[in-house]
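Hydrogens, waters and symmetry mates are skipped; everything else that's a heavy atom, side chains included, is used. Numbering of residues begins at 1 and proceeds along the displayed sequence.
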Amino acid sequence: MPDSFTRSHVQLEKVMQRCFLNDLEVWPRIRKEVQNSLKQESQPEVVQITLELPKQMLELQRHILNIVQSTLAELKKDPNLELGLSTLDAKDSVSAAFEVELRQVLDPAWQNLGPSARRLVNDLNRVRRLLTELLRGDAVDFLRLLDTLCGKEAQTAPVWLHSPDAQAMLAFAKGRVYEICRSQHDSTPFLRKKLEPHAKWSKILDAIDRTISKVAAAEKLFEKTAASGVGDENNFPHSDMETLIDESDSDVEIVGVKTVKNKKRRTVPPSASEVLEPRILIIAPDDRSRRQLSTFLHRGAEATLLDNLGSYFRDRAPRLRQESGLSIVREGALMAQEADAAAQELEKIRPDGGALRLRELPDGRPCHPRIDVVTEDAEGQLEVHMEEMQPHAVVVFEPSLHAIRAVEVYYATLHWRASACVKLEPEASQEEVPLLGGDISPLHVYLLAFDDSIENHRYQQSLVSESQGIDSIIKFRQHMTWRVDLPVEATPAESSRRGGGARALQAMAKPRVVVDMREFRSTLPFMLHLRGLVVEPVTIPVGDYILSRDICVERKAIVDLVQSLSSGRLYQQAQNMCRHYGNPMLLVEFDPAKGFILQSSYAIARREIEVGTKDLLGKLSLLVLHFPKLRIMWSPSPRFTADFFMKLKEGRYQPDSKAAAQIDAEDLEEDTEGAHKTQSNSAAFEVLRKLPGITPKNMHVLARRAGNLAGLLDLSLGELGEIMGDANANQLHSFLRASSQTAATQDRGLEDVGAAGGHAGAVFVSRPSRRSMSSL
């Protein structure tokens with residue numbers, strides 16, 4: 001449907017990119033070509049059956065809408081959602097697009113919402129389920145769902161449970177199914193069950209009977225026409241055809257049509273002994289309604305309600321017996337008795353009492369209707385089922401724009417096939433022969449709808465959304481950026497004189513990227529493979545992607561970023577990347593169709609910038625300040641990330657997968673016993689990093705040799721030269737052994753550093769068994 005693209009134009013661009021489309025054409029219904037293709041001489045006979053909503057269902061609908069309005073009002077009081085929910089009201093909550101609109105408001109601020117706000121969101125979804133079940137299911141199903149939602153523990157029970165509307169809704173729901181009465185003689189309580197079928201069930205049976213009578217009348221008329229000799233075999237609607245194809249040229253051209261007689265298909269009028277089979281298609285709104293309608297058509301209304309009521313009593317009775325209160329326990333006992341009585345009544349009902357039974361027409365002919373119940377959820381499956389079945393009548397259980405458009409397109413396609421003409425050979429005849437002879441039988445469509453209900457409101461909203469969707473796509477097409485595929489440069493001819501046959505040097509040294517095994521659940525490794533990179537799957541302890549010997553990338557989604565910042569795991573990952581790689585990077589992937597915020601709008605408005613347990617933006621800022629080498633990259637899609645990786649790899653050495661996988665082994669070399677895991681002292685490393693002659697390559701080796709900052713003075717110039725090289729060793733050696741005035745100044749600087757979190761004797765690597773004043 002067009003309205004599915006109006007909520008986010010990014011989705012339309014994604015569909016075009018995945019289908020490799022460079023152009024977009026819009027064919028609305030207002031175009032003359034579309035109108036001519038849909039408007040035919042014979043239109044389907046549409047019968048709209050409007051039912052009056054029963055009084056109890058009308059009251060239930062009113063109470064549910066009041067609960068929805070109060071829940072939305074409470075949700076709007078949350079400061080994080082005050083601006084986003086200002087445009088939503090109770091009328092919008094009944095539309096099918098309300099969940100998408102609500103999710104667009106909740107997704108950016110979901111991590112900032114408290115438990116009470118999240119509980120209100122769950123309650124709102126539950127109430128909307130009740131509103132849908134009220135009009136689609138019977139009274140027993142609605143009461144079962146209501147008991148399921150309201151009978152939970154106090155922590156997960158809905159907030160609206162103790163409101164006046166909720167209590168009135170419970171009373172009306174029970175009154176539609178059963179009531180507890182007392183005998184007039186001895187005042188003994190007894191349970192009186194009520195079998196209230198769905199109001200649309202009787203209208204479905206009327207539509208079936210009307211279709212059977214119309215198909216029988218049309219079949220009888222065809223018999224009279226065929227018996228009088230007016231009809232012709234070629235005019236029978238289901239006659240098979242054979243197409244003659246001229247294969248003299250490369251282009252296939254249809255040059256003629258010839259009727260082929262099929263022995264299995266009858267070409268004579270049907271006799272009175274043949275069974276009449278009218279085809280009726282019922283379109284249900286969801287799978288639950290489909291199963292209920294199928295049971296009703298097979299077993300009948302009474303058997304369906306008794307089976308459903310007995311199942312409800314058997315499930316509800318044990319729960320009521322366990323609760324406190326004499327009246328509730330008695331009600332459970334009465335339910336158990338009534339469940340047994342319903343089972344006995346169910347055994348007495350004939351199993352073939354449904355609408356699918358074999359019946360006899362007034363003229364004595366047998367009739368066995370074929371009734372299929374399908375749902376409209378699956379995209380495209382409804383049209384396929386109608387093409388295969390070719391029904392005489394279609395019953396739409398709930399007003400749906402999707403179902404109506406599918407029926408309209410199907411009938412126009414069927415009419416076009418019946419009136420399609422092909423060109424015969426010039427020497428044969430100049431007449432046009434129809435591809436399918438005869439006129440197609442009219443299609444009867446029955447639309448069932450409750451008056452003064454949310455069904456009509458949803459249908460009207462869907463019509464408006466369809467029109468707005470077409471206008472939005474037309475406006476978006478005017479400003480849309482098209483994807484242009486650049487021409488590929490022709491590769492030079494490969495020389496066969498080079499060693500290795502026809503292989504080129506570029507093919508022998510392809511760019512590689514080391515990918516962690518856990519990252520293959522995402523689409524990024526596949527995108528890298530499409531770019532021509534050799535993906536090496538390795539279990540690496542630090543980072544997710546190794547692009548070169550000094551570039552390490554840690555990939556995070558928005559949800560993973562929030563969780564890692566809250567738990568402190570991202571700090572440890574950034575520390576490991578900065579320790580082992582010269583250019584560590586943090587890749588944050590987000591969906592451009594969904595907004596996100598790392599700090600609540602309420603805190604920004606009140607200028608609350610204190611770093612707390614929920615201040616994600618402050619934690620991210622501290623991460624950047626603590627690790628200056630860490631670079632953060634924001635990517636809207638895996639395609640963008642793959643292109644960015646290709647730019648980063650230009651002019652750099654290929655990564656070493658073995659070295660990336662053995663990082664943990666290098667960290668544990670000093671621990672001879674292997675009993676404890678080493679921990680690095682970040683404060684001592686910060687001081688060491690600022691000394692002259694210290695580089696990322698020699699810093700860790702020097703830290704292992706010296707042990708702590710004081711151990712640097714014990715190393716001679718020759719030992720420093722072996723570790724750092726002569727030039728760097730001379731710089732560090734001359735700095736540590738400067739004049740007394742400079743040394744005193746540096747000692748005061750070291751004392752200041754020690755006061756902030758360490759001292760000159762702070763070790764670089766500490767173990768839990770040893771005592772270290774500044775170890776982290």
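Leu712 CG to Leu688 CG: the interatomic distance, rounded to the nearest 0.5 Å, is 6.0 Å. To the nearest 0.5 Å, atoms CD1 (Ile723) and CZ (Arg705) are separated by 4.0 Å. For the atom pair CG of Asp643 and CE of Met646, the computed distance is 8.0 Å after rounding to the nearest 0.5 Å. A distance of 9.5 Å separates CD1 of Ile551 from CZ of Phe645, quoted to the nearest 0.5 Å. With rounding to the nearest 0.5 angstrom, the CG atom of Asp560 is 10.5 Å from the CG atom of Leu570. Atom-to-atom distance recorded for Met577:CE and Arg631:CZ is 12.0 Å, nearest 0.5 angstrom.
Checked by atom type and distance alone, the side chain of His700 pairs as donor or acceptor with a backbone atom of Arg579 at under 3.5 Å. Checking side-chain atoms of Gln654 against main-chain N and O of Arg512 turns up a donor-acceptor pair under 3.5 Å.
Taking every heavy atom of both residues into account, Met724 and Gly693 meet most closely at CE-O, 3.1 Å. In this structure, Gly543 and Asp516 approach most closely via the heavy-atom pair O-CB, 4.4 Å. Smallest separation of non-hydrogen atoms from Pro584 and Cys578: CG-SG, 3.7 Å. Considering every non-hydrogen atom in both Ile540 and Tyr545, the closest pair reads CD1-N, 4.4 Å. Of all non-hydrogen atoms in Val687 and Leu709, the two that sit nearest each other are CG1-CD1, 4.1 Å. Nearest heavy-atom pair across Pro655 and Lys649 is CD-NZ, 3.9 Å.
Residues Leu24 and Ile473 have side chains in contact (heavy-atom distance under 4.5 Å, counting atoms from C-beta outward). No side-chain heavy atom of Asp591 sits under 4.5 Å from any side-chain heavy atom of Ile558. The closest side-chain heavy-atom distance from Glu519 to Leu524 is not below 4.5 Å. Put simply, the side chain of Met585 reaches to within 4.5 Å of the side chain of Leu648, judged on heavy atoms. Residues Leu620 and Ile632 meet the side-chain proximity criterion, which asks for heavy atoms closer than 4.5 Å. At least one side-chain heavy atom of Asn730 sits less than 4.5 Å from a side-chain heavy atom of Leu717. Using a 4.5 Å heavy-atom threshold, the side chains of Leu702 and Leu732 count as touching. Thr641 is not listed as a side-chain neighbour of Arg555, based on a closest heavy-atom distance of 4.5 Å or more.
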For Arg126 and Asp123: C-alpha separation, side-chain torsions, deciding distance, then whether side chain to side chain contact (heavy atoms under 4.5 Å, CB included) applies. CA-CA 5 Å; Arg126 296 173 185 176; Asp123 294 344; 3.7 Å; yes

Full working for side chain to side chain contact (heavy atoms under 4.5 Å, CB included) between Ile694 and Asn728: CA-CA 7 Å; Ile694 302 298; Asn728 294 331; over 6 Å; no

Any chance you could lay out the salt bridge (charged side-chain N to carboxylate O under 4.0 Å, His left out) test for Arg518 and Asp544, step after step, and finish with the verdict? CA-CA 8 Å; Arg518 293 161 291 188; Asp544 295 328; 5.4 Å; no

Using the side chain to side chain contact (heavy atoms under 4.5 Å, CB included) rule, take Leu547 and Val553 through it: C-alpha gap first, then chi angles, then the decisive distance, then the call. CA-CA 8 Å; Leu547 304 183; Val553 180; 4.0 Å; yes

How far apart are the C-alpha atoms of Asp550 and Arg652, what are their side-chain angles, what is the distance that settles it, and do they pass the salt bridge (charged side-chain N to carboxylate O under 4.0 Å, His left out) test? CA-CA 9 Å; Asp550 60 339; Arg652 294 185 178 272; 3.2 Å; yes

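Relative ring orientation between His626 and Tyr571 is described as tilted, the plane-to-plane angle lying within the 30° to 60° band.
Heavy-atom neighbours of Lys629 NZ from other residues, nucleotides or ligands within 6.0 Å: above the threshold of 12. Enclosure of atom CZ in Phe520 by more than 12 non-hydrogen atoms of other residues, nucleotides or ligands within 6.0 angstrom is indicated. The 12-atom threshold is not exceeded at CZ of Arg569, counting heavy atoms of other residues, nucleotides or ligands nearer than 6.0 Å.
Applying the side chain to side chain donor-acceptor pair (under 3.5 Å) test between Ser564 and each of Gln573, Lys556, Gln572 identifies Lys556 as the sole match.
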